Participant: 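Please see the structure below; I have some questions.
Chain letters run A, B, ... following the sequence lines, proteins first and then strands; every chain starts at 1. Computed from a predicted structure; not experimentally measured.
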Number of protein chains: 2
Amino acid sequence: MGEQRPGNESLLFLTDEQLRRGIEAMFFAYRGFTADPDIILADRGYGRAHHRAVHFINRTPGTSVNNLLAILGVTKQSLNRVLRTLVEDGLVTSKIGTRDRRERHLFLTDTGKQLEQALSQAQRGRLRAAYRAAGPEAVAGFRQVLEAMMDPDQHRRFVAPGGRA
Amino acid sequence: MGEQRPGNESLLFLTDEQLRRGIEAMFFAYRGFTADPDIILADRGYGRAHHRAVHFINRTPGTSVNNLLAILGVTKQSLNRVLRTLVEDGLVTSKIGTRDRRERHLFLTDTGKQLEQALSQAQRGRLRAAYRAAGPEAVAGFRQVLEAMMDPDQHRRFVAPGGRA
DNA sequence: TTGGAATGTCAACAACGCTGACATAACCTG
DNA sequence: CAGGTTATGTCAGCGTTGTTGACATTCCAA
């Protein structure tokens, strides 16, 4: 089935078996990665979509809806449903743009920042522990592989500076 | 906000900023990671839950429903819905246990194996490219961090041999 | 024989993706 | 200014996949 290359010792990390281990590791790790925020979110009646919106609004305050759409890779209907509840609940404010009045610039309110901090601290706690356990060289490798795994668009956005907010 | 430790050069990889980059890398990478199988699945009217079931049945043929439940971490109702469609569509067979006739042992049919191969090849292709681009040392670090990020239960199961099938 | 474990099933619900359609306002170009 | 495009919002409907709760069946084990 696979394209093994017996005889070349340096490529043993590319065997199907190693790749299968990597696939399962991604699956289990992602579950751990989201587990702690999920508890906080469920407590307040939110889901992961809210977490993602809050995260990226915090990261790039004043970002437009369209920009957020591109980052999150969902439809505007899907994002709008989430944003509407966040605005209704007073976690996010949307201000009409000055240069282009069609745009809405999104900001976290103080309450929104509180939630972001709670989610962020929980998630960073898990990641920090993993980083500490694995050490700086492992972390560098971790980041390298993750970046190579992204879609090219996402990677460009990821590497690029904050955004055109 | 965070617990930075200025003055200790060796801990710079634990700054909140570095952790935030890691969090976003996980988010974007996981999206890339699932993108290719998602296309195949959508084409056949399945979702990620079907992928996961097919993957782990292939990995551990003859596994019981309860064991699969523990691995996937979902409710039996949720898994059952997925398994039912897979059995109906002739991708999975469930055989009554011989030692304990209450248990159902799950196997892929030839058709099921075909789907597993298609999904697996797509996903391995993406991961292989990332591994190749990053190199063996990076891959080792990648795996280390992922394993440290899992829940302890999952990690034990992950490291342990195949299962009690 | 009886308790409990393993499994299956029905119903209802929620989160969060999707498509399609439509409305409004604002911008931009000819 | 008119017409086209862009940005956003909203309604309606649908599908996957997770959840709880309740209940039935089968069967092992004490």
Participant: Just wondering, do Glu116(A) and His51(A) contact through their side chains at under 4.5 Å, heavy atoms?
Facilitator: no

Participant: Heavy-atom contacts under 4.0 Å between residues 27-43 of chain B and DNA chain D, which residues?
Facilitator: none

Participant: In terms of ring plane angle, is the pair Phe142(B) and Phe142(A) parallel, tilted or perpendicular, where the classes change at 30° and 60°?
Facilitator: parallel

Participant: Could you tell me the separation between the CG atom of Leu68(A) and the C1' atom of dA7(D), rounded to a whole number of Å?
Facilitator: 14 Å

Participant: Rounding to an integer number of Å, can you tell me how far Arg81(B) CZ sits from dT20(D) P?
Facilitator: 13 Å

Participant: Do Ile71(B) and Phe107(B) share a hydrophobic cluster, counting only Ile, Leu, Val, Met, Phe, Trp and Tyr and linking them when any side-chain heavy atoms are less than 4.5 Å apart?
Facilitator: no

Participant: Side chain of Arg126(A), backbone of Met149(B): donor and acceptor closer than 3.5 Å?
Facilitator: yes

Participant: Do Arg20(A) and His55(B) make a side-chain contact, defined as non-hydrogen atoms from C-beta onward lying under 4.5 Å apart?
Facilitator: yes

Participant: Arg52(B) near the nucleic acid: base, sugar-phosphate alone, or nothing, with a heavy-atom cut-off under 4.0 Å?
Facilitator: sugar-phosphate

Participant: Do Arg48(B) and Thr34(B) pair up side chain to side chain, a donor and an acceptor below 3.5 Å, judged on atom types alone?
Facilitator: yes

Participant: Taking only Lys NZ, Arg NE, NH1 and NH2, and the carboxylate oxygens of Asp or Glu, determine whether Arg31(A) and Asp151(B) approach each other closer than 4.0 Å.
Facilitator: no

Participant: In whole Å, what is the span from the CG atom of Asp100(B) to the P atom of dA30(D)?
Facilitator: 12 Å

Participant: What is the distance, rounded to the nearest whole Å, between atom CG of Asn80(B) and atom C1' of dA22(D)?
Facilitator: 15 Å

Participant: Examine dT8(D): is either OP1 or OP2 under 4.0 Å from a nitrogen or oxygen in the side chain of Arg104(A)? Give yes or no.
Facilitator: no

Participant: Specify the separation, in whole Å, of atom CG of Leu69(B) and atom P of dT20(D).
Facilitator: 12 Å

Participant: Nearest heavy-atom pair of Gln144(A) and Ala138(B): which atoms, and what distance?
Facilitator: OE1-CB, 3.7 Å

Participant: Report the distance from atom CZ of Arg102(B) to atom P of dC27(D), rounded to the nearest whole Å.
Facilitator: 10 Å

Participant: Is His50(A) touching bases, backbone alone, or none of the nucleic acid, heavy atoms closer than 4.0 Å?
Facilitator: sugar-phosphate

Participant: In whole angstrom, what separates Lys76(B)'s NZ from dT17(D)'s C1'?
Facilitator: 18 Å

Participant: Remember a base hit wins even if backbone is also touched, and classify Gly97(A) as base, sugar-phosphate or nothing at under 4.0 Å, heavy atoms.
Facilitator: nothing

Participant: What is the separation between atom CZ on Arg99(B) and atom P on dC27(D), rounded to the nearest whole Å?
Facilitator: 16 Å

Participant: When hydrophobic residues are tied together by side-chain contacts of less than 4.5 Å, even through go-betweens, does Ile96(B) share a cluster with Leu79(B)?
Facilitator: no

Participant: Can you give the first and last nucleotides of DNA chain C, 5' to 3', that have an atom under 4.0 Å from a heavy atom of chain B?
Facilitator: dG4(C) to dC10(C)

Participant: Does Glu103(A) reach the side chain of Asn66(A), with side-chain heavy atoms less than 4.5 Å apart?
Facilitator: no

Participant: Between Arg128(B) and Phe13(A), is NZ or CZ placed under 6.0 angstrom from the six-membered ring centre and within 45° of the ring axis?
Facilitator: no

Participant: Starting from the 5' end of DNA chain C, give me the residue, Thr98(A) or Gln77(A), whose nearest nucleotide shows up first.
Facilitator: Gln77(A)

Participant: Using the rule that two of Ile, Leu, Val, Met, Phe, Trp, Tyr join whenever any of their side-chain heavy atoms come within less than 4.5 Å, decide whether Val159(B) and Met26(A) are in one cluster.
Facilitator: yes

Participant: Between dT19(D) and Thr75(B), is there an OP1 or OP2 to side-chain N/O distance shorter than 4.0 Å?
Facilitator: yes

Participant: Residues of residues 82-92 of chain A with any non-hydrogen atom less than 4.0 angstrom from an atom of DNA chain D: list those, numerically ordered, please.
Facilitator: Arg84(A)

